[in-house]
*Asks:* 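Mind having a look at this structure? Questions to follow.
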Amino acid sequence: MSFSIATWNINSVRLRMPLVERFLLEKAPDVLCLQETKCPDDQFPSTAFRKLGYQHIVISGQKGYHGVATVARRPIELVEKRDFCTMGDCRHLSVRVTAGDKKVLLHNFYVPAGGDEPDPGINPKFRHKLDFVAEMNAIRADHDATSGSVLVGDLNIAPLEHDVWSHKQLLKVVSHTPVETENFEAMRKAGDWVDLMRLNVPYEQKIYTWWSYRAQDWESSDRGRRLDHVWSSQNLASSFTGYEILREARGWDRPSDHVPVIARFDLE
DNA sequence: ATGGTAGACACTCTA
């Protein structure tokens with residue numbers, strides 16, 4: 001059976017519900033993980049999701065900032081909402097979902113952006129980001145014959161040279177500094193995660209999921225970064241059949257600065 | 001080298 005998981009930093013789920021509807025109607029993923037919902041739980045647009053067939057909803061939201069939500073066509077069971085760095089931020093939730101012959105533990109992450117100054121000594125937001133990634137070392141790609149793990153989200157780091165429009169020009173820009181990219185890749189490998197978006201793609205090929213709001217013309221300048229990620233355990237990587245970055249969503253009316261990524265699996 | 005845009009919420013923060 002086919003099984004698909006989408007991830008999208010929506011930058012206010014209430015404001016952009018029309019875009020979410022369009023996306024779910026066009027692409028119909030089994031599960032959608034949202035980040036930056038900016039919405040307290042009691043104001044989450046659950047009714048709209050249910051009408052679209054996404055009847056199973058797990059949310060971790062707060063007023064004004066951050067917030068993650070996972071919605072699905074099939075039952076999902078909350079596993080954990082973890083408070084990384086004990087800041088009280090809503091930046092993670094994990095659920096369990098059955099797909100074919102596997103029980104999948106699905107993590108939805110929103111890693112701190114880290115501010116502008118890439119110096120943890122003078123910028124507490126950057127310190128927080130590094131601490132958060134360090135704490136993610138505890139999140140492992142657990143799997144056995146009947147289970148697997150997936151980790152998706154806005155991880156706010158573009159780890160590889162061709163995950164940014166200009167490696168050289170971004171080496172001192174938060175999201176692509178060596179301390180971030182090195183710690184990030186070490187953390188991914190420590191957890192035995194497979195970077196599915198790079199699995200069958202040449203190293204030199206550019207991959208972006210985010211384009212700044214500040215560009216005069218995001219499309220022609222195309223100064224993007226790969227900040228959104230889809231990882232899985234080794235056993236699910238062998239069931240992975242491909243993915244899609246919905247670049248066109250960046251050109252929709254009043255868009256998020258991130259676009260959806262949809263990963264597909266074929267399970268027994 | 002700089003400043004550019006966007007959203008929430010209530011004036012300034014976060015991204």
Side-chain angles (χ1 to χ4, degrees), chain A residues 7-21 23 33-45 48 59-69 83-92 108-120 122-133 136 152-159 163-166 168-177 179-181 184 208-229 247-261:
Chain A
T7 180
W8 194 5
N9 177 318
I10 195 62
N11 187 16
S12 174
V13 67
R14 285 174 290 178
L15 185 69
R16 282 186 238 288
M17 205 54 212
L19 305 192
V20 175
E21 288 193 27
F23 171 69
C33 295
L34 295 167
Q35 303 87 34
E36 268 205 282
T37 52
K38 293 185 175 178
C39 181
D41 289 353
D42 61 2
Q43 290 172 45
F44 191 83
I59 49 186
S60 179
Q62 65 185 89
K63 184 177 175 181
Y65 309 105
H66 324 313
V68 291
D83 181 9
F84 285 79
C85 304
T86 55
M87 305 268 293
D89 287 355
C90 296
R91 295 181 179 275
H92 166 266
N108 178 357
F109 269 100
Y110 177 48
V111 172
D116 288 333
E117 181 56 59
D119 179 346
I122 60 175
N123 176 8
K125 293 197 194 74
F126 194 70
R127 174 80 268 157
H128 177 212
K129 184 179 197 175
L130 297 180
D131 291 345
F132 194 103
V133 170
M136 285 176 73
V152 304
D154 175 6
L155 306 186
N156 265 317
I157 292 172
D163 291 338
V164 294
W165 64 276
S166 168
K168 195 177 168 191
Q169 286 182 254
L170 285 166
L171 277 169
K172 292 181 177 170
V173 174
V174 170
S175 73
H176 195 62
T177 64
V179 65
E180 288 171 272
T181 59
F184 184 87
Y208 309 143
T209 65
W210 174 91
W211 293 262
S212 173
Y213 281 127
R214 296 175 186 176
Q216 286 175 356
D217 184 337
W218 73 272
E219 192 163 27
S220 63
S221 60
D222 200 23
R223 294 182 167 189
R225 303 178 203 171
R226 182 170 72 116
L227 301 180
D228 302 274
H229 297 268
R247 180 184 165 106
E248 65 181 67
R250 185 63 179 79
W252 289 353
D253 190 40
R254 296 201 81 185
S256 168
D257 45 356
H258 296 252
V259 298
V261 181

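Letters A, B, ... mirror the listed sequences (proteins, then strands); counts begin at 1.
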*Asks:* Got a sec, which residues hit side chain to side chain contact (heavy atoms under 4.5 Å, CB included) with R127(A), two or more places apart in sequence or on another chain?
*Replies:* P120(A), L130(A), D131(A)
*Asks:* Can you check the N11(A) CG to dA8(B) P distance for me, whole Å?
*Replies:* 7 Å
*Asks:* What is the distance from CZ of F132(A) to P of dA15(B), rounded to the nearest Å?
*Replies:* 11 Å
*Asks:* Using atom CD of E117(A) as one end and atom P of dA1(B) as the other, report the distance to the nearest whole Å.
*Replies:* 13 Å
*Asks:* Can you tabulate the close N/O pairs, meaning under 3.5 Å, that link protein atoms to atoms of nucleotides 12-14 of chain B?
*Replies:*
{"from": "dT14(B)", "atom 1": "OP2", "to": "K125(A)", "atom 2": "NZ", "distance (Å)": "3.4"}

*Asks:* Mind checking whether W8(A) and W252(A) have parallel, tilted or perpendicular rings, split at 30° and 60°?
*Replies:* perpendicular
*Asks:* For R254(A) and dG7(B), is the shortest distance between a side-chain N/O and OP1 or OP2 below 4.0 Å?
*Replies:* yes
*Asks:* Counting N and O atoms only, with roles assigned by atom type, does the side chain of N108(A) sit under 3.5 Å from a partner on the main chain of A69(A), one being a donor and the other an acceptor?
*Replies:* yes
*Asks:* Pairs in or reaching into residues 210-222 of chain A: which pass salt bridge (charged side-chain N to carboxylate O under 4.0 Å, His left out), with residues at least two apart or in two chains?
*Replies:* D222(A)-R247(A)
*Asks:* Without decimals, in angstroms, what is the distance between R14(A) CZ and dA8(B) P?
*Replies:* 7 Å
*Asks:* Say you pick atom P in dA10(B) and the same atom in dT14(B); how far apart are they, in whole Å?
*Replies:* 14 Å
*Asks:* Got a sec, which residues hit ring pair (Phe, Tyr, Trp, His ring centres under 6.0 Å) with F84(A), two or more places apart in sequence or on another chain?
*Replies:* H92(A), F109(A), F132(A)
*Asks:* Can you list the residues that meet the salt bridge (charged side-chain N to carboxylate O under 4.0 Å, His left out) rule with D83(A), with sequence neighbours excluded?
*Replies:* none
*Asks:* To the nearest Å, give me how far apart CG (L15(A)) and C1' (dA8(B)) are.
*Replies:* 10 Å
*Asks:* Under 3.5 Å, is there any donor-acceptor pair linking the side chain of R214(A) to the base of dA15(B)?
*Replies:* yes
*Asks:* What's the NE2-P distance between H258(A) and dA6(B), to the nearest Å?
*Replies:* 15 Å
*Asks:* Looking only at side-chain N and O atoms, does K63(A) come under 4.0 Å of OP1 or OP2 in dA10(B)?
*Replies:* yes
*Asks:* Could you tell me which residues satisfy ring pair (Phe, Tyr, Trp, His ring centres under 6.0 Å) with F126(A), sequence neighbours excluded, listed by chain and number?
*Replies:* none
*Asks:* Starting from P on dG4(B), measure out to CZ on R223(A) and report it in whole angstrom.
*Replies:* 16 Å
*Asks:* Say you pick atom C1' in dG4(B) and the same atom in dA15(B); how far apart are they, in whole Å?
*Replies:* 14 Å
*Asks:* Return whichever of A215(A) or G64(A) has its heavy-atom-nearest nucleotide of DNA chain B closer to the 5' end.
*Replies:* A215(A)
*Asks:* I need the CG-P distance between D116(A) and dA15(B), as an integer number of Å.
*Replies:* 10 Å
